[in-house]
Colleague: 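Okay, handing you the structure first.
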Amino acid sequence: MIDVVPFELEHIEMLAAPRVDFGEVAAFDNPSVFAFTGMIGERVMGSAGAFLLWPGVGEAWALFSRMSSDEGRACTLTARRRLKSFMQQGEMHRLQAAILVDDIPACRFARALGFKYEGEMPAYSSDGATCVRYGKVI
C-alpha cells in the first residue's frame, strides 16, 4: 500500500533511481508548488506535484524510484484516485505536463491519469529535445 505524505525536499535525495538533471532543487521549495510523496514503509517511491503558472493552471512534475510492476500499478492507482482533489486543493482547473517525446513510460503514466495528448513541442527542453504536451482539465 502506498502512503501519501506531504512533499519535503529530502524526498528527492531519497529516490532510489539514478539522479537526473531536473533543474534547481530550491525551485521545489516554493509556496506556489503543490506536491506530495508516495512511500512504502520508509522507501520513497516517488514525488509529484505542480508549479502554479498562473491562477488555475499548473505545470505537473514527477520523479520516481525504480519499482516493480506491482509497485508501479499501485502508484498509478493512488495518483489517479487523488488527482482531482489535488487539482481542487491547488485551485487548478487545468494541469499540464511536458514530457520528452521518447519517454514512453512517462507518456503512458500521463494517459493513465487521464491526461490528453495535445501535441509536440520541438526544441522545448533545455538541451533542445522535443517534448510532448499532455493536459488535464476538470
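What you see is a predicted model; the values in this text were computed from it and never measured. All values below were derived from every heavy atom in this structure, side-chain atoms included, with hydrogens, water molecules and symmetry-related copies excluded.
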Colleague: Pairs in or reaching into residues 128-138: which pass salt bridge (Lys or Arg N to Asp or Glu O under 4.0 Å), with residues at least two apart or in two chains?
Modeller: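 Found Glu59-Arg133.
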
Colleague: Is any side-chain heavy atom of Met67 closer than 4.5 Å to one of Ile40?
Modeller: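 A side-chain contact is absent here, since even the closest heavy-atom pair is not under 4.5 Å.
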
Colleague: Got a second to check how far Thr78's OG1 is from Phe36's CZ, nearest 0.5 Å?
Modeller: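 Here the interatomic distance stands at 9.0 Å.
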
Colleague: Is the shortest side-chain heavy-atom distance between Phe34 and Met87 below 4.5 Å?
Modeller: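 They are not in side-chain contact.
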
Colleague: Would you be so kind as to tabulate the donor-acceptor pairs closer than 3.5 Å made by side chains of residues 115-124, with sequence neighbours excluded?
Modeller:
from, atom 1, to, atom 2, distance (Å)
Glu118, OE1, Arg94, NH2, 2.6
Glu118, OE2, Arg94, NH1, 3.0
Glu118, OE2, Arg94, NH2, 3.3

Colleague: Same cluster or not: Leu52 versus Val137, using hydrophobic residues (I, L, V, M, F, W, Y) connected whenever any side-chain heavy atoms lie under 4.5 Å apart?
Modeller: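 They do not share one cluster, since no chain of ILVMFWY contacts under 4.5 Å joins Leu52 to Val137.
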
Colleague: Rounded at 0.5 Å granularity, tell me how far CG in Leu83 sits from CE in Met92.
Modeller: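 Answer rounded to 0.5 Å: 8.5 Å.
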
Colleague: Among all residues two or more places apart in sequence or in another chain, which pass the salt bridge (charged side-chain N to carboxylate O under 4.0 Å, His left out) test with Arg82?
Modeller: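 Listed in chain order: nothing, the list is empty.
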
Colleague: Return all side-chain donor-acceptor pairs below 3.5 angstrom for residues 69-76, not counting sequence neighbours, or 'none' if the list is empty.
Modeller:
from, atom 1, to, atom 2, distance (Å)
Asp70, OD1, Arg73, NH2, 2.4
Glu71, OE1, Arg43, NH1, 3.4
Glu71, OE1, Ser68, N, 2.8
Glu71, OE1, Ser68, OG, 3.4
Glu71, OE2, Arg43, NH1, 3.2
Thr76, OG1, Gly72, O, 2.9

Colleague: Which hydrophobic side chains are connected to Leu53, either touching it within the sub-4.5 Å cutoff or through other members that do?
Modeller: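 Joined to Leu53, directly or through intermediates: Trp54, Val57.
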
Colleague: Measuring from atom OG1 of Thr37 to atom CD of Glu8, what distance do you get when rounded to the nearest 0.5 angstrom?
Modeller: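 With rounding to 0.5 Å, OG1 (Thr37) is 7.5 Å from CD (Glu8).
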
Colleague: Donor-acceptor pair, Ser65 side chain versus Val44 backbone, under 3.5 Å?
Modeller: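 It does hold such a pair.
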
Colleague: Please output the side-chain donor-acceptor pairs of residues 97-112 that fall under 3.5 Å, not counting sequence neighbours, one pair per line with the distance.
Modeller:
from, atom 1, to, atom 2, distance (Å)
Asp103, OD1, Ala106, N, 3.2
Arg111, NH1, Tyr134, OH, 3.0

Colleague: State, to 0.1 Å, how close Trp61 and Ser47 come at their nearest heavy-atom pair, and which atoms those are.
Modeller: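 It is CZ3-O, 3.6 Å.
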
Colleague: Consider only side-chain heavy atoms of I, L, V, M, F, W and Y, link residues closer than 4.5 Å, and tell whether Ile2 and Leu77 are in one cluster.
Modeller: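 They do not share one cluster, since no chain of ILVMFWY contacts under 4.5 Å joins Ile2 to Leu77.
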
